[in-house]
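As a basis for the values below, the full set of heavy atoms in this structure was taken, side chains included, without hydrogen atoms, waters or symmetry mates.
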Amino acid sequence: MSLLTVFTVLVGLLALGAVRCEDETIGPIFMKEPPNRVDFSNTTGAVVECAARGSPPPDVIWVRADGTAVGDVPGLRQVLPNGNLVFPPFRAEDYRQEVHAQVYACLARNPVGTIHSRDVNVRAVVQQQYESEVNNEYVIRGNSAILKCSIPSFVADFVSVISWHDEQENSFTINGTKEGDVVSQYFEAEVVSEYVIRGNTAVLKCNIPSFVSDFVKVEAWVDSDKTEYLMTDDIVVNQFYEAEILKEYVIRGNAAVLKCSIPSFVADFVKVEDWIDEEGTVISHSDNLVVSQYYVTEAENEYVIRGNAAIVHCKIPSFVSDFVYVESWILDDGQIFTKNNTNFQDVVSQPYEAEADNEYVIRGNAAIMKCEVPSFVSDFVFVEMWMDSEGGTYFPGNNEGKTSCYIFPSPFILFLFTAAVLQEYEARVNDEFVLRGNTAILKCIVPSFVADFVHVVSWSMDNETVTADENLDDISVVHQNYEPRVTDEDVLRGNAAIVKCLIPSFVSDYVQVIEWVTDDESLSAFSLNDSAGNYAVNQFYESQVYDIYVIRGNAAVFKCHIPSFVSDHVHVISWHDSESGEFLKNEDYVVSQVYTVNLVEENVLRGNAVIFKCLIPSFVTEYVQVSSWIISEGDDEAEIQLNDASINREVVSQAYTVNILEESVLRGNAAILKCHISTFVTEYVSVSSWIISEGDIEEVEIQQADSQDLVVSQSYTVNLWEENVLRGNSAILKCHIPSFVTEYVTVTSWIISEGDNDELDINIDSDSSLVVSQAYDVKFWEEYVLRGNAAVLKCQIPSYVSEYVSVVSWIVSEDDNDQEVKINETSDLVVSQAYAVNLMEEYVLRGNSAIVKCHIPSFVSEYVSVLSWIISEGDEIDEINLDSDKNSYEGKYLVLPSGELHIRDVGPEDGYKSYQCRTKHRLTGETRLSATKGRLVITEPIGRVPPKFSSSQVGAMFIATMDTPFSLQCPAQAFPVPVFR
């Protein structure tokens with residue numbers, strides 16, 4: 001942009017700012033905004049204040065949540081000239097839900113703008129007599145009881161409990177801490193006996209009765225010697241223990257980990273502080289002991305294209321990689337590169353060019369230019385400044401050269417305007433190549449700076465114009481010439497190359513490659529279908545074997561490194577050593593190494609089994625196995641072969657004793673005797689029989705293999721305990737059978753007796769159901785309900801008969817007249833209630849559609865539906881039925897299935913008409929007209945108005961019946977009229 005153009009824009013904007021600064025109009029501002037919630041009683045009334053200022057002074061009006069204006073209702077609601085909304089006191093029978101339970105908002109507007117207050121939730125409460133009740137609670141003595149205060153639902157939002165009072169006139173407040181609120185009860189705590197092996201840990205538990213467990217805690221323990229143990233004391237028993245160190249076998253030069261085994265009964269309290277070797281050297285945790293070992297590092301060769309970055313990796317042997325790191329790199333010429341060295345010679349200078357892409361922008365708008373830096377230097381190059389074609393420079397952070405303008409001197413005035421500059425533009429149509437007979441899609445390229453305002457209305461070809469709504473029926477195929485291209489591929493000599501044949505996209509679906517031809521005519525064509533279709537270029541390569549460092553005696557793995565460009569076609573067939581020895585892939589080669597096998601001493605208790613283990617060095621374990629064991633004693637030796645079939649098992653006969661411990665058992669209970677066999681022979685000894693003896697009586701032997709079950713007949717008694725139950729409730733009697741016979745004894749019947757009456761025997765397997773007839777009373781409580789609302793009466797049946805008693809009918813009485821309503825009757829009982837249907841004013845922009853809604857009270861909305869609409873203007877009256885098939889006024893009026901009246905293309909003449917809806921009660925058949933007439937308030941749009949919805953509803957749910965038409969409304973308005981899709 002030239003300097004002259006910049007000054008022209010500055011002068012123009014300064015002039016505009018000067019003109020707008022003379023305007024002293026101010027939009028409306030709230031001086032007193034109404035609160036979010038207003039609750040009042042019908043005896044007091046309420047005044048909701050709303051005040052606003054502005055220039056010119058704004059008009060203050062009140063609107064409902066749906067945007068309709070609020071008017072005066074005599075004696076119930078009044079809008080004062082100063083903007084206050086007054087609700088005078090009213091009688092209980094004058095309560096109206098649409099007035100006293102409504103959401104209002106204060107609206108202030110003047111020619112500059114309009115503001116809305118927050119939603120004001122108004123709720124009037126009718127003063128009514130109510131009584132709170134406390135239901136009886138049955139509780140076992142000593143347990144806690146919770147009493148609940150039942151407050152009628154119609155005052156539950158305004159009434160809260162502040163205190164409780166008992167029959168002795170004692171008062172209990174919520175925050176009170178009076179003594180006597182807690183009942184002191186006697187209780188005893190018990191300690192359950194715990195049996196534990198000497199030396200082991202024992203955990204004792206104090207059992208506290210559940211009815212005081214929330215208030216009682218253990219403070220101390222006291223033993224039989226009166227010694228007291230507090231919870232804060234640490235009681236530790238000093239016990240003797242020994243720590244052991246297991247032997248670890250390791251190859252020389254490798255790391256070894258020794259573990260100190262601490263007995264488990266002191267493991268929680270003992271930790272290792274130091275280690276001591278055989279020479280008395282103490283090794284603590286803080287000492288770092290490192291063995292110095294020789295190692296060599298290598299730098300692998302890296303192949304890279306000239307000019308690209310290369311990363312060289314230093315290979316450090318794994319056994320020192322945790323302790324060795326790279327400090328510097330040294331080149332062949334002796335040059336050293338350290339991590340912190342940033343000399344300029346460490347960077348290779350390469351020529352490059354930066355480019356700035358052209359950006360098309362509307363004159364006066366902001367433009368963002370981007371500097372494209374080649375990727376191979378983008379990490380080291382950054383933009384220092386910008387320079388235009390006239391030599392002007394632009395530095396980051398410098399305001400020089402910018403076309404920024406700060407025009408507005410007043411911080412209190414913000415001007416928002418949208419300006420469009422009429423510019424010359426040309427639309428282009430790109431050539432499209434297509435085969436004859438295929439479909440062609442032509443695209444009109446519109447410059448981006450006018451794309452938001454320009455759209456295609458028609459196409460012209462051969463002096464024929466085709467609009468956007470018309471379709472072409474001509475189908476043709478065009479035969480077109482095309483040329484395939486082969487893109488150059490740059491590749492390092494010796495590497496594989498992939499050449500791609502580029503076919504134009506418009507014929508790519510029908511053209512395929514059949515063969516490749518080289519520039520050298522001596523070479524034959526490469527055909528995809530040729531039987532010798534595998535073509536390979538013979539290239540020179542060298543394979544390498546890197547040195548591997550390994551500890552003597554360990555296995556070593558050599559790897560043959562084959563260049564990547566031939567790795568898919570080359571594989572290893574044999575290995576050769578420096579002594580001309582050849583090792584084929586399918587042969588096994590073993591190097592003979594000296595090794596020693598050791599046996600560790602095993603300490604074992606006399607009579608126990610012992611297992612010897614032959615320790616073989618790890619580097620030959622895969623090839624060495626145990627073939628036999630040799631047992632020597634003095635000069636005698638015995639060899640035991642593993643695969644000797646003549647020797648099945650070597651068993652040493654040892655003397656052992658079997659014991660039976662005494663078992664203490666309550667008389668009548670079952671007893672289990674256990675035969676204790678010495679552990680060192682448990683694998684080979686089993687119980688074959690039991691022998692029972694008593695004094696001089698002959699012994700009885702019970703064989704283990706006998707299948708008979710031995711049962712001892714024992715005397716037992718069955719008891720029944722008394723059950724305490726409230727009269728009318730169910731009772732469950734339980735037959736208590738001694739535990740030592742519960743597995744064999746079951747209840748077969750119950751016998752009921754009363755005085756001298758004959759006993760009644762009830763068998764368990766009897767199909768008869770015994771029912772005891774009991775007297776009961778059915779009650780129902782009073783229900784408080786606002787006039788016009790639905791009421792639900794509940795029949796209270798005692799719980800002990802609720803499973804067997806059901807309601808068959810209700811009796812409605814008024815004076816001496818009784819009417820019985822049976823549950824199973826198909827007739828619907830409907831109470832006729834007075835209701836009024838109202839219509840509100842609807843605000844709509846000229847030319848848009850309007851939706852007029854008939855407001856039906858919620859307590860009859862399920863039964864009342866719109867039957868028709870009546871449109872009147874002067875003496876002319878026209879009625880539109882819901883089920884009418886005719887298009888009223890050529891489709892201008894449409895009654896939706898949900899009952900709303902849809903009016904299309906609203907004009908000034910529609911503002912002089914009034915609208916009423918006729919409703920019908922589907923149960924009573926009653927029809928009535930709406931109490932009020934609705935009108936359209938038509939607003940003349942000033943300039944463009946963006947689309948907006950008439951309500952701020954976020955979401956809604958609709959229920960529709962299958963196979964029934966249902967309409968979804970889109971109540972949006974705009975100017976020009978919006979297009980719906």
**Student:** Checking Arg96 against Phe90: charged group under 6.0 Å from the ring centre and within 45 degrees of the axis?
**Tutor:**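 Judged by the rule (NZ or CZ under 6.0 Å from the ring centre, within 45° of its axis), Arg96 is not positioned above Phe90.
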**Student:** Determine whether more than 12 heavy atoms belonging to other residues, nucleotides or ligands lie under 6.0 Å from atom CD of Glu93.
**Tutor:**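 Counting other residues, nucleotides and ligands, CD of Glu93 exceeds 12 neighbours.
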**Student:** Please say whether more than 12 non-hydrogen atoms of neighbouring residues, nucleotides or ligands are located less than 6.0 Å from CG in Asp777.
**Tutor:**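 12 or below, so no.
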**Student:** Could you walk me through whether Tyr915 and Leu901 pass the side-chain contact (heavy atoms from CB on, under 4.5 Å) check?
**Tutor:** CA-CA 9 Å; Tyr915 305 90; Leu901 178 62; 3.8 Å; yes
**Student:** With side chains defined as the heavy atoms from C-beta onward, is the minimum distance between Ile26 and Val112 less than 4.5 Å?
**Tutor:**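 No, their side chains stay 4.5 Å or more apart.
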**Student:** Once rounded to the nearest 0.5 Å, what's the spacing between atom CZ of Arg904 and atom NE2 of His902?
**Tutor:**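 Here the rounded value is 7.5 Å.
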**Student:** So with a 6.0 Å cut-off around CD of Glu862, is the heavy-atom count from everything else above 12?
**Tutor:**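 Atom CD in Glu862 is not crowded, with 12 or fewer foreign heavy atoms closer than 6.0 Å.
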**Student:** Can you list the steps and then say if Ser868 with Glu879 is a side-chain hydrogen bond (donor to acceptor under 3.5 Å, both in side chains)?
**Tutor:** CA-CA 7 Å; Ser868 63; Glu879 184 171 2; 2.6 Å; yes
**Student:** Side-chain contact test, heavy atoms from C-beta onward, threshold under 4.5 Å: evaluate it for Ile162 versus Thr173 and give yes or no.
**Tutor:**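 With C-beta onward as the side chain, the pair stays apart.
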**Student:** Go through the steps to decide whether Arg922 and Tyr863 satisfy the test side-chain contact (heavy atoms from CB on, under 4.5 Å), and finish with yes or no.
**Tutor:** CA-CA 5 Å; Arg922 64 181 178 86; Tyr863 313 105; 3.7 Å; yes
**Student:** Could you walk me through whether Leu839 and Cys854 pass side-chain contact (heavy atoms from CB on, under 4.5 Å), step by step?
**Tutor:** CA-CA 6 Å; Leu839 290 177; Cys854 187; 4.1 Å; yes
**Student:** Would you call Phe30 and Ile115 a side-chain contact if the rule is heavy atoms closer than 4.5 Å?
**Tutor:**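 Side chain of Phe30 against side chain of Ile115, heavy atoms only: contact under 4.5 Å found.
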**Student:** So Glu33 and Cys106, do their side chains get closer than 4.5 Å, heavy atoms only?
**Tutor:**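 Of all side-chain heavy-atom pairs linking Glu33 with Cys106, none is under 4.5 Å.
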**Student:** Please indicate whether Glu782 has more than 12 foreign heavy atoms, meaning atoms of other residues, nucleotides or ligands, lying under 6.0 Å from its CD.
**Tutor:**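 No - once you tally the heavy atoms of other residues, nucleotides and ligands closer than 6.0 Å, there are 12 at most.
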**Student:** Please report the shortest heavy-atom distance between Leu936 and Ala850, naming the atom on each side.
**Tutor:**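 Nearest heavy atoms, Leu936 then Ala850: CD2-CB, 4.0 Å.
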**Student:** Might you point out which heavy atoms bring Pro58 and Arg53 nearest each other, and give the distance in Å?
**Tutor:**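 Smallest interatomic distance, heavy atoms only, reads CD-C, 3.7 Å.
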**Student:** Between Val844 and Val906, which heavy-atom pair has the shortest distance, and what is it?
**Tutor:**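 The pair with the smallest heavy-atom distance is CG1-CG1, 3.9 Å.
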**Student:** Quick check on Gln796: does its CD atom have over 12 non-hydrogen neighbours (other residues, nucleotides or ligands) under 6.0 Å away?
**Tutor:**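 More than 12 heavy atoms, drawn from other residues, nucleotides or ligands, come within 6.0 Å of this atom.
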**Student:** In Å, rounded to the nearest 0.5 Å, how long is the span from CZ of Arg935 to CG of Asp910?
**Tutor:**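 One gets 12.0 Å once the value is rounded to the nearest 0.5 Å.
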**Student:** Please tell me if the side chains of Asp878 and Tyr893 come closer than 4.5 Å, counting only heavy atoms from C-beta onward.
**Tutor:**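 Contact flag for Asp878/Tyr893 side chains = no.
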**Student:** Quick one: does Lys853's side chain get under 4.5 Å of Met840's, heavy atoms only?
**Tutor:**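 Of all side-chain heavy-atom pairs linking Met840 with Lys853, none is under 4.5 Å.
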**Student:** Can you find a heavy atom in the side chain of Thr114 that is under 4.5 Å from one in the side chain of Leu107?
**Tutor:**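 Heavy-atom side-chain distance check passes, below 4.5 Å.
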**Student:** What are the two closest heavy atoms between Ala145 and Val139, and how far apart are they?
**Tutor:**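 Distance-wise, the nearest heavy atoms are CB-CG1, 4.0 Å.
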**Student:** Once you measure the plane-to-plane angle for His921 and Tyr835, does it fall in the parallel (<30°), tilted (30-60°) or perpendicular (>60°) bin?
**Tutor:**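 His921 vs Tyr835 ring planes: tilted.
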**Student:** Which heavy atom of Tyr776 sits nearest a heavy atom of Pro798, and at what distance?
**Tutor:**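 Distance-wise, the nearest heavy atoms are CB-CG, 4.0 Å.
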**Student:** Under the criterion salt bridge (charged side-chain N to carboxylate O under 4.0 Å, His left out), I'd like the reasoning laid out for Asp59 against Arg109: C-alpha separation, chi angles, the key distance, then a yes or no.
**Tutor:** CA-CA 5 Å; Asp59 296 331; Arg109 62 185 179 188; 5.4 Å; no
**Student:** Nearest heavy-atom pair of Cys50 and Trp62: which atoms, and what distance?
**Tutor:**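 Shortest heavy-atom separation between Cys50 and Trp62 comes out as CB-CZ2, 3.6 Å.
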**Student:** Answer whether the closest heavy-atom distance between the side chains of Val122 and His100 falls below 4.5 Å.
**Tutor:**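 No, their side chains stay 4.5 Å or more apart.
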